[in-house]
Participant: 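Right, I'll just put the structure down here and ask away after.
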Amino acid sequence: MTDDALVAEATSARAHAYAPYSQFRVGAAVLGGSGQVYRGCNVENGSYPLCVCAERVAIMNAIAAGESRVSRLAVVTDTSPPASPCGACRQVIFELGGPECVVTFASTDGDRRQLLARELLPEGFDGALLRDRAPR
Ligand code: THU
């Protein structure tokens, strides 16, 4: 799976964005550990705090399909520069993609940037710290 192909998947996903409140349409695609690609788009709600970002929808789709990890993520917006993932999404990428997960953010006009999850979220919270605790 090339970076171009993953960006193309994210661009296709963006067509399904439900963004009647912000008009800010976002598409995402992730590469699961099995090699399968999963798409996501932002899904808004009239109760604004319930809006869900495209990146998290794509990752949750991968996990719900049986993947345990994702290795790459692409996110596409129509802005220049391209929008980088929000803080909440960075934490989810950090846990389910790991610190070395490759994150590409691209604009529909071809502008593109790429960073690792650990660069987007230095010192991200490590969920492993919660393991091996005595049951309560
Ligand atoms: N949004 C995303 O889908 N991903 C991000 O990383 C930032 C923001 C969405 C959420 C909301 O539907 C709209 O963009 C405006 O914040």
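Order of listing sets the numbers, starting from 1, for every ligand and every atom in it. Since the model is a prediction, treat every value here as computed from it, not as a measurement.
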Participant: Where is the nearest protein heavy atom to atom 14 (O) of ligand 1: which residue, which atom, and how far?
Facilitator: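 Atom 14 (O) of ligand 1 sits closest to the protein heavy atom Phe24 CD2, 3.3 Å.
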Participant: Rounded to the nearest 0.5 Å, how far apart are OG of Ser80 and CG of Asp109?
Facilitator: 4.5 Å
Participant: Establish whether atom 16 (O) of ligand 1 and some protein heavy atom are separated by less than 4.0 angstrom.
Facilitator: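 For atom 16 (O) of ligand 1 the answer is no, since every protein heavy atom stays at 4.0 Å or beyond.
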Participant: Check each atom of ligand 1 against the heavy atoms of Ser22 and keep those under 4.0 Å away; list them by number with element.
Facilitator: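 Close to Ser22: 13 (C), 15 (C).
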Participant: Pair up each side-chain donor or acceptor in residues 28-39 with any protein partner under 3.5 Å, not counting sequence neighbours, and list the distances.
Facilitator:
{"unit_1": "Ser34", "atom_1": "OG", "unit_2": "Gln36", "atom_2": "N", "d": "3.3"}
{"unit_1": "Ser34", "atom_1": "OG", "unit_2": "Glu67", "atom_2": "OE2", "d": "2.5"}
{"unit_1": "Tyr38", "atom_1": "OH", "unit_2": "Glu67", "atom_2": "OE2", "d": "2.7"}
{"unit_1": "Arg39", "atom_1": "NE", "unit_2": "Glu9", "atom_2": "OE1", "d": "2.7"}
{"unit_1": "Arg39", "atom_1": "NH2", "unit_2": "Glu9", "atom_2": "OE1", "d": "3.0"}

Participant: Taking only Lys NZ, Arg NE, NH1 and NH2, and the carboxylate oxygens of Asp or Glu, determine whether Arg131 and Asp126 approach each other closer than 4.0 Å.
Facilitator: no
Participant: Quick one: side chain to side chain donor-acceptor pair (under 3.5 Å) pairs with a partner in residues 17-26, sequence neighbours left out?
Facilitator: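 Of all non-adjacent pairs touching residues 17-26, those that pass side chain to side chain donor-acceptor pair (under 3.5 Å) are Ser22-Glu44.
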Participant: Taking the side chain as C-beta and beyond, is there a heavy-atom pair between Arg113 and Leu115 under 4.5 Å?
Facilitator: yes
Participant: Relative to ligand 1, is Cys53 under 4.0 angstrom through side chain, backbone, both or neither, heavy atoms considered?
Facilitator: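 Looking at Cys53 and ligand 1, atoms from backbone and side chain both fall under 4.0 Å.
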Participant: Below 4.0 Å from ligand 1: does a non-hydrogen atom of Pro85 turn up there or not?
Facilitator: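 Yes, Pro85 has a heavy atom closer than 4.0 Å to ligand 1.
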Participant: Which is closest to atom 4 (N) of ligand 1 in terms of heavy atoms, Glu55, Arg14, Glu44?
Facilitator: Glu55
Participant: Is Asn42 in polar range of ligand 1, meaning some N or O pair under 3.5 Å apart?
Facilitator: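 In this structure, Asn42 places an N or O atom under 3.5 Å from an N or O of ligand 1.
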Participant: Can a donor-acceptor pair be found between the side chains of Thr104 and Asp3 at a distance below 3.5 Å?
Facilitator: yes
Participant: For the residue pair Arg14 and Val76, what are the closest heavy atoms and their distance?
Facilitator: CD-O, 3.5 Å
Participant: Counting each atom of ligand 1 from 1 as listed, which ones have a heavy atom of Cys86 under 4.0 Å away?
Facilitator: 6 (O)
Participant: Name the closest protein heavy atom to atom 3 (O) of ligand 1, giving the residue it belongs to and the distance to 0.1 Å.
Facilitator: Ala54 N, 2.9 Å
